[in-house]
Amino acid sequence: LSLYSSPARETKYVENPQTQLEEGVSRLRHIMEPYTAWCQVSCPLEVTAALCSDFFSEGCEFLQNPPAGFYPRLGVIGFAGIVGLFLARGSKIKKLVYPASLMGIGASMYYPQQAVAIAKVAGTQLYDWSLQGYIAVESLWKDN
C-alpha cells in the first residue's frame, strides 16, 4: 500500500468458510452442551468425591490430585495413539499394532521405570508361552 493514498472507502470483512472438521466439532459441542451443563450442575465436587470414595477411591483421588505434568503427558500419549490410528490405514492388524506401539513408546518415555518392569513381566510371560508352544508341537511331532 502506498503511504499517500487512502484505502478504498467500502471495505468488507469476509469470514473464511468453515471446514468440515470445524462444522463437525461445532455440531458435537452443541449436541453435548446439555449433558455437560447437567454434569456441572448436578455433580459438584463434593458429590463426585463422595462417589469416588465409595467405588474407585484410588483412581479418583489420583485424578483429583494428579502429579505435576500428568495431563500434558496423558495428552502426548493419547495423541500418539491418534497418530497411530492415522498411520494404520488398511489392515485391521495395523489398527491394533500401530496405536498400541506408539502409545507404549510415548508412555515408556515418560515412565521408564514402569516400562522396564512391564517389559520384564511381558518377557517372562512371552518366554513361558513360547516354551509351552514348543512343548505342545514337540509332543504332537513325537506322537506321529
Side-chain angles (χ1 to χ4, degrees), residues 1-3 7-8 10-144:
L1 291 173
S2 173
L3 294 175
E10 297 180 24
T11 58
K12 291 183 180 179
Y13 173 73
V14 179
E15 281 193 35
N16 292 333
Q18 284 188 335
T19 63
Q20 277 186 321
L21 178 64
E22 290 172 333
E23 288 177 8
V25 169
S26 176
R27 272 190 245 122
L28 182 65
R29 288 183 71 193
H30 287 296
I31 290 170
M32 296 303 292
E33 189 173 10
Y35 302 111
T36 56
W38 176 78
C39 285
Q40 289 174 350
V41 170
S42 65
C43 297
L45 187 59
E46 295 84 23
V47 173
T48 307
L51 288 174
C52 287
S53 66
D54 291 343
F55 298 109
F56 309 104
S57 60
E58 260 183 57
C60 286
E61 184 178 320
F62 181 80
L63 290 176
Q64 286 178 352
N65 302 318
F70 173 73
Y71 288 117
R73 291 176 180 180
L74 186 66
V76 168
I77 294 167
F79 183 72
I82 292 171
V83 168
L85 280 175
F86 179 73
L87 294 175
R89 293 184 182 165
S91 171
K92 290 183 180 180
I93 294 173
K94 284 183 184 178
K95 288 182 182 178
L96 290 173
V97 172
Y98 283 18
S101 61
L102 287 177
M103 288 174 69
I105 290 169
S108 66
M109 288 188 332
Y110 286 119
Y111 304 104
Q113 293 171 340
Q114 289 86 349
V116 168
I118 290 171
K120 285 180 181 178
V121 171
T124 56
Q125 287 291 326
L126 199 62
Y127 177 74
D128 290 342
W129 289 342
S130 64
L131 194 59
Q132 289 173 1
Y134 177 76
I135 291 170
V137 168
E138 186 182 34
S139 66
L140 285 174
W141 188 269
K142 286 185 178 180
D143 289 344
N144 290 336

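Quick note: residue numbers are just sequence positions, from 1. These figures come from a predicted structure and were not determined experimentally.
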Heavy-atom check, side chain of V116 versus side chain of K120, under 4.5 Å: yes
Reported CD1-to-CG distance for the pair I82 and L102, which is rounded to 0.5 angstrom: 11.5 Å
Where S108 and A115 come nearest, the two heavy atoms and their spacing: CB-CB, 3.6 Å
Gap separating the CD1 atom of I118 from the CD atom of Q114, nearest 0.5 angstrom: 7.5 Å
Exercise answer: donor-acceptor pairs, residues 18-32 side-chain atoms, under 3.5 Å, sequence neighbours excluded:
residue: T19; atom: OG1; partner: E22; partner atom: N; Å: 3.3
residue: E22; atom: OE1; partner: T19; partner atom: N; Å: 3.1

CD (Q125) with more than 12 external heavy atoms under 6.0 Å: yes
Heavy-atom closest pair, residues K95 and L85: O-CD2, 4.2 Å
Show me the side-chain donor-acceptor pairs of residues 127-137 shorter than 3.5 Å, one per line, residues at least two apart or across chains.
residue: S130; atom: OG; partner: L126; partner atom: O; Å: 3.2
residue: S130; atom: OG; partner: Y127; partner atom: O; Å: 2.8

Qualifying ring-ring contact (aromatic ring centres under 6.0 Å, His included) pairs, either residue in residues 67-126, two or more places apart: F62-F70
